[in-house]
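Before any comments, here is the structure.
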Amino acid sequence: QKFAGPDEQARIAAVFRYLDPGGEGTVSLKEWSVLDQLWQEFDLTVREFVQFLTFAFGDNLQDAWQALDEDGSGSLTEEEFNEAVQAAGYFGPARVVFALLDGSDDGEIALDEFNVLENYKKK
């Protein structure tokens, strides 16, 4: 879904160019491993966000959801999310966290998407 749309081929080509900085037309194992490094960064970002939420709102992430979803609509737009987490004191990469949580790619985070954060809580 992330690539779907009229510019789908251009997006895929851009990712390929990113992975093939030398322009050889192939992606080496070393170049491919960049994706793993990126994923590790994303994973760390989400884990730090969950740590922030548990520090700010307690261990129950549903309490965090209720605080962030001030209007009780059951979803958060990117603007609502950014404003809410900033008001709560989060100064990390909120746009990145939002993009990772918006699994449906519809520009909103629903409660079921937010609940994915449970997987990132410290055991």
Side-chain angles (χ1 to χ4, degrees):
Q1 270 187 336
K2 297 282 184 191
F3 292 102
D7 60 347
E8 180 175 348
Q9 293 298 320
R11 289 178 181 210
I12 292 170
V15 170
F16 187 84
R17 279 193 307 276
Y18 178 79
L19 293 173
D20 180 29
E24 304 90 16
T26 61
V27 177
S28 70
L29 181 58
K30 183 178 178 184
E31 291 167 333
W32 183 256
S33 68
V34 167
L35 290 177
D36 183 55
Q37 291 171 321
L38 284 172
W39 182 251
Q40 288 179 33
E41 288 292 324
F42 292 151
D43 186 72
L44 180 61
T45 296
V46 173
R47 288 184 189 284
E48 289 174 343
F49 179 68
V50 170
Q51 278 185 302
F52 166 79
L53 292 177
T54 56
F55 177 76
F57 300 103
D59 224 20
N60 185 348
L61 292 180
Q62 297 309 304
D63 293 338
W65 173 259
Q66 289 176 353
L68 297 176
D69 184 22
E70 288 183 348
D71 64 4
S73 67
S75 66
L76 295 168
T77 65
E78 186 173 1
E79 182 179 348
E80 288 174 316
F81 178 80
N82 290 339
E83 289 174 6
V85 298
Q86 185 177 13
Y90 181 69
F91 295 103
R95 293 183 70 207
V96 171
V97 173
F98 182 89
L100 292 169
L101 290 176
D102 183 16
S104 62
D105 216 19
D106 64 355
E108 294 186 347
I109 298 172
L111 178 58
D112 63 321
E113 292 170 314
F114 185 81
N115 285 339
V116 168
L117 294 176
E118 290 290 341
N119 299 328
Y120 292 89
K121 286 173 71 173
K122 284 187 176 179
K123 306 279 184 205

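Numbering starts at 1 and runs along the sequence shown. Note that these values count all heavy atoms, side chains included, but never hydrogens, waters or copies made by symmetry.
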Closest heavy-atom pair and its distance - D20, G25: OD2-N, 2.8 Å
If you round to the nearest 0.5 Å, how far is CG of L19 from OG1 of T26? 11.0 Å
Steps toward side chain to side chain contact (heavy atoms under 4.5 Å, CB included) verdict (K122, Q51): CA-CA 8 Å; K122 284 187 176 179; Q51 278 185 302; 3.0 Å; yes
Do the non-hydrogen side-chain atoms of V96 and E41 ever get within less than 4.5 Å of each other? no
Heavy-atom nearest pair, E108 first then S75, reads OE1-OG, 3.2 Å
Within 6.0 Å of CD in Q62, more than 12 heavy atoms from elsewhere: yes
Strictly distance-based, threshold 3.5 Å: is any side-chain N or O of E113 a donor or acceptor partner for the main-chain N or O of A110? yes
Can you tell me how far OG1 of T77 sits from CD1 of I109, rounded to the nearest 0.5 angstrom? 9.0 Å
Atom CD of residue position E79 - does it have more than 12 heavy atoms of other residues, nucleotides or ligands inside 6.0 Å? no
Mutual orientation of the aromatic rings belonging to F52 and F57 [parallel < 30°, tilted 30-60°, perpendicular > 60°]: perpendicular
Can you find a pair of side-chain heavy atoms, one from V97 and one from Y90, that are under 4.5 Å apart? yes
Would you say V50 ends up clustered with W39 if hydrophobic residues are merged whenever their side chains have heavy atoms under 4.5 Å apart, either directly or through other cluster members? yes
Keeping the roles fixed (side chain from S33, backbone from D36), state whether a donor-acceptor pair exists under 3.5 Å. no
Of all the heavy-atom pairs spanning R47 and N119, show the shortest one and how long it is. NH1-O, 4.4 Å
L117 and W65, any side-chain heavy atoms less than 4.5 Å apart: no
Quick check: do L68 and L53 have side-chain heavy atoms less than 4.5 Å from each other? yes
Any donor and acceptor pair, going by atom type alone, linking the side chain of K121 with main-chain N or O of D59 inside 3.5 Å? yes
Candidate pair F114 and D69, rule side chain to side chain contact (heavy atoms under 4.5 Å, CB included), full reasoning: CA-CA 11 Å; F114 185 81; D69 184 22; over 6 Å; no
Does a side-chain N-to-carboxylate-O contact under 4.0 Å join E8 and R11? no
Go through the steps for E24 and E31 under the test side chain to side chain contact (heavy atoms under 4.5 Å, CB included), then give the verdict. CA-CA 12 Å; E24 304 90 16; E31 291 167 333; 3.7 Å; yes
Judged by atom type as modelled, is there a donor-acceptor pair below 3.5 Å linking the side chain of D102 to the main-chain atoms of G107? yes
Treating Ile, Leu, Val, Met, Phe, Trp and Tyr as nodes and any side-chain heavy-atom pair under 4.5 angstrom as an edge, say whether L38 and L44 lie in one connected cluster. no
Minimum heavy-atom separation for T45 to P93, with atom names? CG2-CG, 3.5 Å
Work out which heavy atom in L76 is nearest to a heavy atom in F98; give both atom names and the distance. O-CE1, 3.6 Å
Quick one: do Q37 and V34 satisfy side chain to side chain contact (heavy atoms under 4.5 Å, CB included)? Show the steps, please. CA-CA 5 Å; Q37 291 171 321; V34 167; 4.0 Å; yes
Rounded to the nearest 0.5 Å, the CG atom of D43 sits from the CD atom of E48 at a distance of 10.0 Å
Are F16 and Y18 grouped together when hydrophobic residues (ILVMFWY) are joined by side-chain heavy atoms under 4.5 angstrom apart? yes
